[in-house]
Protein chains: 2
Amino acid sequence: MRSTIKVFQVLETLCMDNPAGVAELSSRLAVKRSSMHRFLSVLTHQGYVEKNANTGKYCATLKVFQLGVSVRNKLSLIHLARPYMEELGRKFHETINLSLFIENSVVVIDRVESLETLRIDHGIGRRLPAYCTALGKVFLANLAKEELEKYCEEQKLQAFTKRTVTSSKELKRDLKSVREEGFAIDDREVDDGIRCISAPIRDGSGKVVAAISISGPSTRVTLQRLKSFKRPIINLTAEISRKLGYG
Amino acid sequence: MRSTIKVFQVLETLCMDNPAGVAELSSRLAVKRSSMHRFLSVLTHQGYVEKNANTGKYCATLKVFQLGVSVRNKLSLIHLARPYMEELGRKFHETINLSLFIENSVVVIDRVESLETLRIDHGIGRRLPAYCTALGKVFLANLAKEELEKYCEEQKLQAFTKRTVTSSKELKRDLKSVREEGFAIDDREVDDGIRCISAPIRDGSGKVVAAISISGPSTRVTLQRLKSFKRPIINLTAEISRKLGYG
DNA sequence: ATAACTGTTCCACAATATGGAACCTAATGA
DNA sequence: TCATTAGGTTCCATATTGTGGAACAGTTAT
């Protein structure tokens, strides 16, 4: 089903990148202009794409967004974790994130926002690198040895701040302690202004299926204050894990 | 491109409804089992769908969610409105919603959540009926006459509470005042526990492109308190409209 | 004015999806 | 226990359907 696959590639391109015309898309995806025109007609008729009347370029519509949202909303984990996350948000007035580990990245699927003017705000759906975030380290620490090895080979450990761990040897040492302690910290490793703490959620089989974090601006969330979040977040994730049948 | 369209229908079904197997999907979408199997293979290979190892049923993955999110995040309106919405949220400690009008429904595309225990929480991406919500009335009030007529014909005015307006005549009278006053109120029309106020955002051409609302539990947000939100929300939407070139 | 590029339509041909049949496994029930 | 049903999967000859070159029109650049 080559053409169907191509049509999905067209849709993905329009979702991720800027609006584009027939010719641009046809050269980028190696499809003849006439075929691309047909693909775009189909996508338009199905409501996934629309043609801007002024520029003549095609762009993705919010139908894709709505479909995606309904997928997200079916995750029972979100509804289960929500009240706990809100409780934590009210308690500390910092942003609480719930995330999954998808294709070597952390994906934020829900959050409770701090109402402070200065606060952390990864948008929902945002993909974050794993090796330098608290959430990510929780997932990496609980990978099978071969999987972690594979991750280290595939992932370039780019430095975002001078604290970012860029050697896989050092990373593995860090992860060992994350595994033993049951929580992870990101002390300005992805951004000089951010500190974050995270702990794992496990399902009935003990597998780490998600992670929750508390993150805040480093000016307000000192290392000391961050560490004071440790017990509450570990208790919270343990409680959610218990509801998933763990322990 | 019949098959491509069918594949999209399969994906939509799996996004909206429960996980399903080959046979169920093939009968629901009038596709032979062997073809459905092929469709699902394609969707699986492209990462949109996955087969649950235990139940054998197929369900949509978060790839769809991520695609949708990236469409949403490209809307400049969201980034423009954000700081204003947050300011309003901090001021009143009630939920602020930003919405669009899509296919006769209100679609919430962003929000600032109240941190109160009791508060309103339509999830992002949620579709709400227009005729009985403050957001919706703002949009309906600014439709062309024929469009409103068409809406009234198509939409069944279902009663959610005893205050829900169910006659199109009465609705039109309400909308007239919304148009004249420049804001709309929902006084427990969709839920006995909710009050809400909303005002329109206009682009350079004067067209209503979005609406913002403040909503809260009726116990805390009395009609009087709701009305005190009127000036702030009108000023706010006027300011955003001005940035879009209006006025 | 010319050239270059883009969007769109058309059509004969070639590629590819279709759907019936058969096979396998798991679940159901007599 | 064995028969029966239902669902998942593979295969293949046939016919439907997508392909891509060509041609035209509209737009912008030279």
Side-chain angles (χ1 to χ4, degrees), chain A residues 1-64 67 71 74 203-205 245, chain B residues 1-64 67 71 74 204-205:
Chain A
M1 306 206 37
R2 287 246 299 277
S3 61
T4 303
I5 292 174
K6 280 289 176 199
V7 171
F8 273 101
Q9 285 176 5
V10 173
L11 182 59
E12 282 181 31
T13 305
L14 289 175
C15 286
M16 310 293 287
D17 298 350
N18 295 324
V22 176
E24 182 184 343
L25 286 167
S26 72
S27 68
R28 274 174 56 181
L29 296 176
V31 167
K32 290 284 168 292
R33 283 221 313 280
S34 54
S35 295
M36 183 55 73
H37 185 259
R38 194 156 25 89
F39 293 166
L40 289 167
S41 299
V42 171
L43 285 170
T44 305
H45 272 101
Q46 303 303 307
Y48 292 104
V49 152
E50 63 191 10
K51 188 175 172 178
N52 185 304
N54 301 321
T55 63
K57 301 201 169 193
Y58 291 84
C59 70
T61 68
L62 284 170
K63 177 168 183 177
V64 186
L67 267 192
V71 174
K74 283 191 299 182
D203 67 9
S205 72
Chain B
M1 308 205 40
R2 287 247 297 277
S3 61
T4 303
I5 292 174
K6 279 289 175 197
V7 172
F8 272 101
Q9 284 176 6
V10 173
L11 182 58
E12 282 180 31
T13 305
L14 289 176
C15 285
M16 310 293 286
D17 297 351
N18 295 323
V22 176
E24 182 184 342
L25 286 167
S26 72
S27 67
R28 276 175 54 180
L29 297 176
V31 167
K32 289 284 169 289
R33 283 220 314 278
S34 53
S35 296
M36 182 56 73
H37 184 259
R38 194 157 23 89
F39 293 167
L40 289 167
S41 298
V42 171
L43 286 170
T44 304
H45 273 100
Q46 303 303 306
Y48 291 104
V49 152
E50 61 191 12
K51 188 175 171 178
N52 184 306
N54 302 321
T55 63
K57 300 201 168 193
Y58 291 84
C59 69
T61 69
L62 284 169
K63 178 169 183 178
V64 185
L67 268 191
V71 173
K74 283 191 297 183
S205 72

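Quantities reported herein were computed from a predicted structural model and do not represent experimental measurements. Worth knowing before you read on, the calculation uses all heavy atoms, side chains too, and leaves out hydrogens, waters and symmetry mates. All chains are named by letter (A, B, ...) in the order of the sequence lines, taking the proteins before the strands, and each is independently numbered beginning at 1.
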Nucleotide N/O of nucleotides 28-30 of chain D paired with protein N/O under 3.5 Å:
none

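- Using a 4.0 Å heavy-atom cutoff across all strands shown, B/K51 reaches sugar-phosphate atoms only and no base atom.
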Pairing annotation in dot-bracket form, given for DNA chain D with Watson-Crick or G-U pairs under 3.5 Å and | for cross-strand partners: ||||||||||||||||||||||||||||||

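- Exactly one residue among B/N52, B/V10, B/L43, B/V22 makes a side chain to side chain contact (heavy atoms under 4.5 Å, CB included) with B/Y58. That residue is B/V22.
- To the nearest 0.5 Å, atoms CG (A/L40) and CG (A/L25) are separated by 6.0 Å.
- Using modelled atom types, one finds no donor on one side chain facing an acceptor on the other under 3.5 Å when comparing B/S41 with B/R38.
- The aromatic rings of A/F8 and B/F8 sit parallel to each other, their planes meeting at less than 30°, with 60° as the upper class boundary.
- Here the NZ atom belonging to A/K6 is positioned 12.0 Å from the CE atom belonging to B/M1, to the nearest 0.5 angstrom.
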Verdict with reasoning, A/D17 to A/R28, per side-chain contact (heavy atoms from CB on, under 4.5 Å): CA-CA 12 Å; A/D17 298 350; A/R28 274 174 56 181; 2.5 Å; yes

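- Look at CG on A/L25: it is 18 Å from P on C/dC5, rounded to the nearest Å.
- Using a cutoff of 4.0 Å between basic side-chain nitrogens and carboxylate oxygens, A/K63 and B/E12 are scored as salt-bridged.
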Heavy-atom protein contacts under 4.0 Å, nucleotides 10-19 of chain D, coded B base, S sugar-phosphate only, - none: B------SSB

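- Between A/S3 and B/T4, the closest side-chain pair of non-hydrogen atoms falls below 4.5 Å.
- A heavy-atom distance below 4.5 Å is not found between the side chains of A/Y48 and A/L14.
- Going from atom OG1 of A/T44 over to atom NE2 of A/H37 covers 8.5 Å, rounded to the nearest 0.5 Å.
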